[in-house]
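As structure tokens, the structure follows; a few thoughts come after it.
What you are looking at is a predicted structure, and each value in this text was computed from that prediction instead of being measured. Numbered from 1 within each chain, the chains take letters A, B, ... in sequence-line order.
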Amino acid sequence: MNGLTLDIFLLAMMTAAAVWTVMRGSLLRAVIALALTSIALTAVMFRLKAPIAAVFELSVCAGLITVVFMSTIALTKPLTHKETLDYTKTRMKRFWLLPVIMALLGSALLYFTIPMDFNLAAPLETAKNFRNILWEERQFDLIGQILVILAGIFGVVVLFKERSKDEPQD
Amino acid sequence: MSWTLVVVPIIAVILLNLPFGEGYRKLAFPAGIFLAVLQSALVLLPIENMFPYGACPLSPFVFLSPDALGLLMILSVGIVVFSALLVGWRMTDKTSRKSDFANLIILAMAGMNGVILSGDLFSLYVFLEIVAVSSFILIAMDKNREALEGSFKYIMLSAVATILILSSISVFLMLTGSTSFSAAAAALKQGNHAAVLASGLFIIGLLIKGGIAPFHGWLPDAYTSAPAGVSIFLAGIVTKTTGIYTIIKLVSYVTGYTGPVKEILLFFGAVSALLGAFAALDQKNFKRMLAYSSISQMGYVIMGLGAGNPLGVMGAAFHLFNHAIFKTQLFVNSAAVEQETGTLNMDRLGGLSDKMPVTGATSVVALLSTAGVPPLSGFWSKLLVIVALWVAGYKIYALIAVFAGVVTLAYLLSMQRRVFFGNISASFSNIKEAGVSFTLPAVLLSTITIAAGVFFPYVFEKLIIPVQALLGLL
Amino acid sequence: MNGLLQFFIITPSLLAAAAFLSPKRIKGLREGIALVATGLNLYFALAYFGRDIYATVPWGGGLGLDFSLRLYGFSSFIIASAAAFSFLITLYSSVFMYKKEHPGQFYLYLILSVAMINGAVLADNLVVLLFFWEGLLVTLFGMIFIGHKGAYKTAMKALIIAGITDLCMMLGIALTYYLAGTLTISKIHLPMSFGASVAFIFIMIGAISKAGSMPFHSWIPDAAVDAPLPFMAFLPGSLEKLIGIYFLTRISLDMFQLSAGSWVSTVMMIVGAVTIILAVMMALVQKDFKKLLSYHAISQVGYMILGIGTAVPVGIVGGIFHMLNNAIYKSCLFLTGGAVEHRAGTTDLRKLGGLGKVMPVTFASFIVAALAISGVPPFNGFFSKELVYDGALERHWIFYFAAVAGSFFTAASFLKLGHSAFGGKISEEFKKIKEAPFAMLVPMVVIASACIVFGLYNSFPIDKLIAPVLGEHAQSHVFSGFPHNIMLVAITLVVLAGAVLNHIYGVKKTGKGLGAVDHIHHAPVLSTLYDKSGQADPYDIGMKLTGILAAGLWYIDRGIDWLYNGFSVYSAYAIAFVSKNIRGASYSAFIIWSLIGAAAVLAMMFGKS
Amino acid sequence: MTQETAQLLRLYIVFLPLIFVAGFYCVITTRNLIRTLLGLEILTKAVTLMLALAGYLTGRTAMSQALIITLIVIEVVVIAVAAGVVLNIFRHNNSLDARNIRSLKG
């Protein structure tokens, strides 16, 4: 029984972290909150018996993406402390609605019994391990991944390159 | 067939960008042209058995031998990439930027081939993302203010579409345990609500990527702000393959031509046909008018699909192909005009046809074909769509299609008058005809348009009739 | 073609052309040709009298339009009387028109009209009839036109009125063709269904307007002043009435079975009665000899229409007989008027007076004709009116009352005319005028004697000519001879006596013949009616209406114009503006639009199931 | 559908929409471009969660893990490119405010 309560706790943690990322005033803390969400997600995925994916998620999302965001923030001129203070006040005017909507939606979903008429697919007998699925069945996706990575490299090369002096400043 | 379309481009890109020596980078352009021509040839000429390797080492399960519509799309991808590369290569100034452009175009082409060939929902998503990512970068390549804004808007909309598509895939996975089309179709046949929700979400995602009426926000900005070569590529084939072709594929392989699906397609097709046509009527910028015109013409295709009878599907497929040809043609003309006069503001342009005869003439061919004037190809495809709608009983939609056609003629004629006829302004008196890299694709495309129109029975019988099979799948 | 076509249509036309083209230098040549033409016409009319001939020439490309002519009892009687009148009037005009301008044109139109009338009466195909009917329109316009300088306005007025009514007739004929399936008149026998009665009404409009009844009468008084006088005697006086009433009879009896009860006959009777009363009231107050006569011509048509409208055998016979009698005494009265004008130079009653003594023969024939028209017993007018009274009474007393009132006022106005023109003291310059020339007197005397003959010996016209027209309705009893209804005769005599007393009273009151009716003229109600009657001319009202209509149509046209290049262009660009900007500009707007679209898609997706 | 999986599914049906709403709300209302990307990232996490859940419920965890791996790779590239674009936008407008990238109208 405690498994379910654990799930509830982890999911609640993840949702709270997500809301925190959205509501948080300063950008830096928002990125940290995002990393927290990612960590919570990893925990949930462990619960859902998807360990490899969880580790991958943790290392890439929590790690790499946070780094990307940090560097972008570093490259851009962050607001001074005072500016962030009065900025957060004005922000609040726009964001107070989110928790209200979420509370309403949560209670509505809890209250109404959603018809679960569909039946889930029967579980496979041969418990294939992760490796051969990825390589035998999903080769096409692998090729896709290679393509995406190549495109990503070009993207980074084109976009992040400092503008060299002779380039026309249009 | 599938081997050459996806893997060879990857190898090409890797070889082209090996770390040592700059010499290789300039080869990107000829490699791209070769791949495009190879691809078109594959479809047109029966050279299937030339390749000695026989069965592709990758398991057939993943690769779907392309159906009739797939072949048609591969052909139009080849033609459009060929023209886009020619124009884009000529227009981008710095050599390093040139090779990036060519490489990204090759990657996107591979992505599109992947989309056409993909056999299941998730790989469809993967290749959609590949094309999307390379398009983001291509649009933002010039790094000027509009290009970045257009690219960011495209990124946001495409991300939302991806989210919807992924959630739909996860629901299908939950219901059927696999991501293949047939499994999803089976779940849908049982008609439980979750499956209907999933297919709905997937269709919405694809409508966003296809730039259909209410979801079309990003399209005009992305097309207009992109550099000339990229906007040819985007307008010519990207939106068609990632958006419209995928809808046809999804509806044919997964949801089937059921009542609600047809109703959705007809309604949103009609809305975008009308909205696109009217918005294009009041435009100042040449490329922006063509962008809205694309939305309108894609609305036609979706309506043809929504008719749900063989005539409709054939009409939609043929119009998709025709539109790829004459829209690319118009964008090539706009690139030529931009190259020569430096501006795209139609109010300042005028009387260019005597200085740029080829561009003027080919633009007239494309304009007449878009408006559906016989004997050009556009006429036949529009005729098929309208007749299909009338035969299927959707008389109001047929009338809307005809009315949108009239408005199309209106704005295209006004464009032609404002840009090519009338009197030339002083500042452009010394311009001359655009270079061969503009005139060659322009002439090639208009010959295809005229040929497809004049030899319609032959083209129809060989390429279009097999598309009917799509209807029989479910 | 056994002569029907040649003698009655082609020869008069050729001779008319000859008369027109003959040189002016040879005096009397034109008059001679005209006399020969009408004389020949009279001879053939009498020669062919009463024979039954049918001739057809296939023409008109098989559309059932073959040129078929038919001569039978009734039409031969009409052609004979028309020929007689035209001969006498040509004789009369040979003197009258001698010094007037355009005599060539006058004779051309005169003889051409004779040909047209023969054609119309003989025609057995509705379209052929229409062709000749329209021919008369041209000659009518021509003859008024050559009256004097300002006559073209009246000519145009006559043309427009006749034109519009002929249009109605065409409509009626088309409807009949649609209903009956054939155009040959002798084959058409339609029951009085609703469609048939509408067609009947339309054709009736054409016929009674040719005859000159009330709503279409306004050109006749103007023509009386503007047109040359023989024209008044010739067309409005006799021939047009003949042909108009002839065709009205044909459609009431042959083509459509006009039944007594049907609303169509009541309509005709009302038109007849109204025409009688209003026209004679107008005639009463006229101060001009010819105008007075022209109003009487209109009112007499009322009797004929009332007679035929009763759809009772006695009424119909009365109506047709009255048509004949009216032609006789009306033309005679016009001729006497012409003689007065010829000699005295004016027809204004205020100047005239005491001509009786200097023009005894004209005065004598005037008296005979006036008594005939007033319906005094021994004369022909009395007998036909009695028949009409009998028919009217049989239908409804109101119509009988209108007819009798009409006679009262007719008698009163002619007493006034006779007294003021011929009676009273003669002014100096008229003392020396001589009697009218011999050529003018002969027709007057002949026609006046015809009044007497047809009066006393009326069995010949009624039994031989008119009764057979009724065919099966009427063989039951004899109409001719002294009227059977004595009570009616008594009332007529009382009425006439009343008219004489009224005349004496009026004369004593005002001291001169002209003022005999002033007490009626200035009566409280009547005077306002008279003042307003000036503007009540349907023609002027029509013209004003068309003016307003034209202005209205012009505005509509401007409106449609604006709709095309104003409104549609403006709305197109308005829609364009909306569809262009509805998109918004920021990516969050696009995402919101996408969510809205998504909601719509899901709604449609789940909507049906 | 065992009672236990039904209960779990019931739980996720409550929490998943919340995360989706948070993500969409952040993307739509925020003015800072980087925070928009954060919102996107939250949505991606929600979808990853759905895939994992699907895999667990139907016993095909291996398959769902493969899908999640591919998904994460692709999302990283997308976010990287998006960040690059945002960076360049910043170079132009010298501010991350979303209001200055709505100049393309009509």
B:I137 to A:G155 - nearest heavy-atom pair and separation: CD1-CA, 3.4 Å
Inter-residue atom distance B:L107.CG - A:F154.CZ, 0.5 Å rounding: 6.0 Å
Within-4.5 Å side-chain heavy-atom neighbours: A:L147 and B:F127: yes
Given heavy-atom pairs under 4.5 angstrom as the criterion, report whether the side chain, backbone, both or neither of B:L138 touches chain A. neither
With a 4.5 angstrom heavy-atom cut-off, could you sort out which part of A:I146 is near chain B: side chain, backbone, both or neither? side chain
Contact class of B:I130 relative to chain A, heavy atoms under 4.5 angstrom: both
Evaluate whether atom CE of A:M13 has more than 12 neighbouring non-hydrogen atoms of other residues, nucleotides or ligands under 6.0 angstrom away. no
Working to the nearest 0.5 angstrom, can you tell me the gap between A:I143 CD1 and B:L117 CG? 10.0 Å
Interface check, chain B: of A:V158, A:I153, A:V157, A:L159, most non-hydrogen pairs under 4.5 Å belong to A:V158
Toward chain A, the part of B:S135 with a non-hydrogen atom under 4.5 Å: neither
